[in-house]
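The structure under discussion appears below in the form of structure tokens.
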Number of protein chains: 2
Amino acid sequence: MSVKKVVRGEGETRQRILKAAIEHFEKASYDDVGLRDIAADVGVDVAYVHRSFGSKEGLFREVLLTAGKAESVSELTVDELPAAFARQLFQREHDADGDIEPLLILVRSLTSRKAGGLVSERLSAELIDPLQAKFGDSDPFRAATIISLLIGLSVMRNLLKLPSVSEADVISSEKLVARAIEGIINSTDTSQAHESGKNVLA
Amino acid sequence: MSVKKVVRGEGETRQRILKAAIEHFEKASYDDVGLRDIAADVGVDVAYVHRSFGSKEGLFREVLLTAGKAESVSELTVDELPAAFARQLFQREHDADGDIEPLLILVRSLTSRKAGGLVSERLSAELIDPLQAKFGDSDPFRAATIISLLIGLSVMRNLLKLPSVSEADVISSEKLVARAIEGIINSTDTSQAHESGKNVLA
DNA sequence: ACCTTATGTCAACGATTGTTGACTTACAAT
DNA sequence: ATTGTAAGTCAACAATCGTTGACATAAGGT
């Protein structure tokens, strides 16, 4: 009587598939993660992975939504933003527990044609829009610049594994990033003299 | 007598293939660009595209080397860096001539497993290493942070096409980016009180 | 007992991809 | 005339991928 369900599998196995998928999408891009890889980890057939989420894209969408829950930009004040972002960026060093890194999953699949739309959408909804709202609607580029720095640093740390970056001192690096974000926040539209540090500009 | 040549095609057609390949790799990632797409543009067979460069990876490597020639970090002084980088970032707006954007090609294929190694290598050789040398070997993270910002901004502008970023005022955005880079350069190792703006760190 | 529904598996399809061997054509040198 | 080499085509291969139809199994409801 009722229409045939397109998405099957709502029980425990579905959660295990979702968890395995998150781990895979943390380590490789959308295109480089095969449904067969995930299926092998869970110990089920490929077809069941597919049907549990309707399509590979459906699975990835659910991965992004699930992992995105950890994000909490709205709870922060502008004052706390720089330190909080910097801390989250280097979180991987401190605690080695199994918590997921939402930004990393998005960054991993940035360049994929098939996943690009979803990545762009979630990145806007979870990071850029909230941050822009925090700054007010005027000058939306400031928020975008901060997010750009975060994305770039995530790329630098996770995608390209450069020794000079990975082996850098975590504490001072975190402070540098925090100050950089701070600098972007404090930057005004009017050109303004910098008083801190020696002036390297002519 | 002599060993069989693996790479064929050193004449004019090879250059046309290379040019077409550059245009494709500027618009899509390594995995999303097919040799057949390039071949169709040039008007030759797929097999000839492949054999002219030995492999798809060989073609991509040559694309990166050819496009990388345009880079000129070493010629700049530290003083000129912020403005120069910011200008290059927004170059697409001003002139619409057909010059290539080397950073964009690298950014486009950041997340590809197959191209990741080459991207990482060229990014180091052409941008990060020269910039680190300019800052001196101590504190290599400062150079990496600047490059991170550039990469992030390129991602923001070209990969995710967010209206709030694309429609932002080019002039003031360029100034903001230049000031952000400036701020990273001026930041010192010692934790130091900021006198401009309110101190947002606890 | 009967029917339904959810959970899975198995095998295969269709499309795409980089790659390769064989062939043709043309031009230049011996 | 013959040989050799570069340019370019054609057809096909092998692998991978997401996807789908058919089937088996077990549990619950009536």
Side-chain angles (χ1 to χ4, degrees), chain A residues 1-21 24-25 27-63 108-109 111-118, chain B residues 1-21 24-25 27-63 108-109 111-118:
Chain A
M1 181 52 73
S2 60
V3 282
K4 295 287 171 58
K5 284 189 82 162
V6 185
V7 176
R8 310 199 303 202
E10 313 201 351
E12 176 199 5
T13 312
R14 186 188 154 98
Q15 297 302 320
R16 290 172 50 220
I17 295 176
L18 191 57
K19 183 178 175 183
H24 275 279
F25 286 125
K27 295 177 193 149
S29 86
Y30 179 86
D31 297 302
D32 288 331
V33 172
L35 294 187
R36 286 172 174 82
D37 303 330
I38 301 173
D41 270 21
V42 185
V44 295
D45 194 86
V46 205
Y48 195 62
V49 173
H50 178 265
R51 271 196 258 259
S52 294
F53 296 87
S55 67
K56 185 184 182 181
E57 186 182 327
L59 169 58
F60 187 65
R61 181 181 289 115
E62 194 118 347
V63 162
R108 278 265 184 227
S109 297
T111 69
S112 165
R113 181 179 58 93
K114 294 171 188 165
L118 277 175
Chain B
M1 178 56 74
S2 60
V3 283
K4 296 288 171 57
K5 284 189 84 164
V6 185
V7 175
R8 308 198 305 204
E10 315 201 350
E12 176 199 4
T13 313
R14 186 188 154 98
Q15 296 302 320
R16 291 174 48 222
I17 294 176
L18 192 56
K19 183 178 176 183
H24 275 279
F25 286 124
K27 295 176 192 148
S29 86
Y30 179 86
D31 297 302
D32 288 332
V33 172
L35 295 187
R36 284 169 176 84
D37 303 330
I38 301 173
D41 271 21
V42 185
V44 295
D45 194 87
V46 206
Y48 194 61
V49 174
H50 178 265
R51 272 195 258 257
S52 294
F53 297 87
S55 65
K56 184 183 180 180
E57 186 182 326
L59 169 59
F60 188 65
R61 181 181 290 111
E62 195 119 347
V63 163
R108 277 267 185 226
S109 297
T111 70
S112 165
R113 181 179 58 93
K114 294 172 188 164
L118 277 174

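Order of the sequence lines sets the chain letters (A, B, ...), proteins ahead of strands, with each chain counted from 1. All heavy atoms count here, side chains included; hydrogens, waters and symmetry mates do not.
Looking at every heavy atom in both residues, A:Tyr30 comes nearest to A:Glu57 through OH-N, 3.3 Å. The minimum heavy-atom distance between A:Val33 and A:Lys56, with the atom names listed, is O-NZ, 2.8 Å.
For D:dG18, the base has no donor-acceptor partner in the side chain of A:Arg51 [N/O atoms by modelled type, under 3.5 angstrom].
Qualifying side chain to side chain contact (heavy atoms under 4.5 Å, CB included) partners for A:Arg36, counting only residues two or more places apart in sequence or in other chains: A:Val46.
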**Q.** side chain to side chain contact (heavy atoms under 4.5 Å, CB included) evaluation trace for B:Val44 with B:Thr13
**A.** CA-CA 9 Å; B:Val44 295; B:Thr13 313; 4.1 Å; yes

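Here D:dA7 presents its P atom at 12 Å from CD of B:Gln15, a figure rounded to the nearest Å. When the P atom of C:dT7 is taken as reference, atom CD1 of A:Ile17 falls 10 Å away, rounded to whole Å. Computed from coordinates, the B:Tyr48 OH to C:dG21 P distance equals 18 Å when rounded to whole Å. Rounded to whole Å, atom C1' of C:dT25 lies 15 Å from atom CG of B:Asp45.
The aromatic rings of A:Phe25 and A:Phe60 sit perpendicular, their planes meeting at an angle over 60°, well past the 30° parallel limit.
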Where do N or O atoms of nucleotides 15-18 of chain C meet protein N or O atoms at under 3.5 Å, pair by pair?
from   : atom 1 : to      : atom 2 : distance (Å)
C:dG18 : OP1    : B:Lys56 : NZ     : 2.7
C:dG18 : OP2    : B:Leu35 : N      : 3.2
C:dG18 : N7     : B:Arg36 : NH1    : 3.1
C:dG18 : O6     : B:Arg36 : NH2    : 3.2

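A cation-pi contact, defined as under 6.0 Å to the ring centre and within 45° of the axis, links B:Arg14 to B:Phe53.
If you check every strand for non-hydrogen atoms under 4.0 Å, A:Gly43 touches sugar and phosphate atoms only.
Phosphate contact (OP1/OP2 of D:dG8, side-chain N/O of B:Thr13, threshold under 4.0 Å): present.
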